[in-house]
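To start, the structure itself, in structure tokens.
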Protein chains: 2
Amino acid sequence: MLSTFEVLSLPARRKIVERLRHGPKSVGELADELGISQPIMSKHLRTLRDSGFVTVRVDAQRRWYELRPEPLKEMAEWLEPYRWMWEDRLDLLGERLDTMRDEEENR
Amino acid sequence: MLSTFEVLSLPARRKIVERLRHGPKSVGELADELGISQPIMSKHLRTLRDSGFVTVRVDAQRRWYELRPEPLKEMAEWLEPYRWMWEDRLDLLGERLDTMRDEEENR
DNA sequence: GGAGTATATACCGTCAAGAGTATGTACGCG
DNA sequence: CGCGTACATACTCTTGACGGTATATACTCC
């Protein structure tokens, strides 16, 4: 099974995730919208499911795929320690003073 | 050249980035710390450099590799639209009201 | 139960990323 | 100038992800 980061390394899979941002979709919908064949779409969704990015709800012949927050949250949290590198240091709330001090040290 | 997401899909490369969080390091340092052979480390650093994750400063035989914010920022920004999925909706500042409304619509 | 729809999976070929190893290059120093 | 250090690159091999195609499964409706 692919890791969280590996899953999103494929542009096609990132596009699928983007399409699911506003609610669940069926395999056919996604395949049509992205111009991907149905079997390949099914395989990507399988990968996304195995790695926790989506869940499926069965409805007769249709499968509704829905986004799950966990893997995306995990990635966001991995990135968090680097945020000071590009964010304005004089943010209003004065949070992250330690981080800012680190920054000075490592310049 | 690999895309931003592809670069970090390899655990070894993520570890390199983590090691560079607190300032520049040389190839040898990184190789030793991570238990990776020097040639392979050089190749990873080449990849990280080609994709904009690091810059090099030459100093005699030594090369000091330093993190650049841009690719990490890019990834963080890609993830931003999904943040509402895991964050507390009643955040103090009351920002992102639109996002929260979206959430209701798509439930 | 037969036909059509929606989706999953099995099988196959390709290709490129990654690891390993050997070698090249550049610099400092005695 | 010869040697050691620090690093890059060339080369080879292997592996597995990906796409394509064909086929299986499951459900609905007439």
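A note on names: the letters A, B, ... follow the listed sequences, proteins ahead of strands, and every chain is numbered from 1. What you are looking at is a predicted structure, and each value in this text was computed from that prediction instead of being measured.
- Contacts of B:Arg13 with the nucleic acid, taken as non-hydrogen atoms under 4.0 Å apart, involve only primed sugar atoms and P, OP1 or OP2.
- No single ILVMFWY cluster, assembled from side-chain heavy atoms under 4.5 Å apart, contains both B:Leu10 and A:Tyr82.
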_Evaluation steps, side-chain contact (heavy atoms from CB on, under 4.5 Å), between A:Thr4 and A:Trp78_ = CA-CA 11 Å; A:Thr4 302; A:Trp78 188 89; over 6 Å; no
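- In this structure, the CE atom of B:Met41 is 16 Å from the C1' atom of D:dT9, given to the nearest Å.
- The listed nucleotides are D:dT28, D:dC7, D:dG20; the one nearest the side chain of B:Arg62 is D:dC7.
- Between B:Ile40 atom CD1 and C:dA22 atom P the separation is 13 Å, expressed in whole Å.
- Residue contacts for A:Leu10: at a heavy-atom cut-off of 4.0 Å it reaches the sugar-phosphate backbone alone, with no base atom in range.
- At least one side-chain nitrogen or oxygen of A:Tyr65 sits closer than 4.0 Å to the OP1 or OP2 atom of C:dA8.
- If you measure from atom CD1 of B:Ile36 to atom C1' of D:dC7, you get 15 Å, rounded to the nearest angstrom.
- The side chain of B:Arg63 approaches D:dA8 more closely than any other nucleotide in the set D:dA8, C:dA8, D:dC27.
- Applying salt bridge (charged side-chain N to carboxylate O under 4.0 Å, His left out) to B:Arg19 and the options B:Glu33, B:Glu29, B:Glu66 leaves one that passes, B:Glu33.
- With DNA chain D read from its 5' end, the first of the two nearest nucleotides for B:Gly28 and A:Ala60 is the one closest to B:Gly28.
- Remark: P of D:dA8 and NE2 of B:His44 are 13 Å apart, rounded to the nearest angstrom.
- Below the 3.5 angstrom threshold, one finds no donor paired with an acceptor across the side chain of A:Gln38 and the base of C:dA6.
- In this model, a side-chain donor or acceptor of A:Lys43 finds a partner on the base of D:dG19 within 3.5 Å.
- In this structure, B:Arg57 places its CZ atom 15 Å from C1' of D:dA6, rounding to the nearest Å.
- The side chain of B:Ser42 lies closest to D:dA8 when the candidates are D:dT5, D:dT28, D:dA8.
- For B:Arg46, the side-chain atoms get nearest to D:dT9 when compared with the rest of C:dA8, D:dA8, D:dT9.
- Listed nucleotides C:dA8, D:dC7, C:dG18 differ in distance to B:Ser26; the shortest reach to its side chain belongs to D:dC7.
- Picking from C:dG18, D:dC18, C:dG20 the nucleotide with the shortest atom distance to the side chain of A:Leu2 gives D:dC18.
- Closest to the B:Ser37 side chain, of the nucleotides C:dT9, D:dT21, C:dT21, is C:dT21.
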*Can you list the steps and then say if B:Ser42 with B:Gln38 is a side-chain contact (heavy atoms from CB on, under 4.5 Å)?*
CA-CA 6 Å; B:Ser42 282; B:Gln38 175 268 312; 3.1 Å; yes
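- Of all the heavy atoms in A:Pro71 and A:Gly52, the pair that sits closest is CG-O, 3.2 Å.
- Shortest non-hydrogen contact noted between B:Leu34 and B:Ile16 is CD1-CG1, 3.6 Å.
- Going from atom CE of A:Met1 over to atom C1' of D:dA17 covers 15 Å, rounded to whole Å.
- Here C:dG18 presents its P atom at 11 Å from CG of B:Leu48, a figure rounded to the nearest Å.
- Between B:Glu29 atom CD and D:dA6 atom P the separation is 11 Å, expressed in whole Å.
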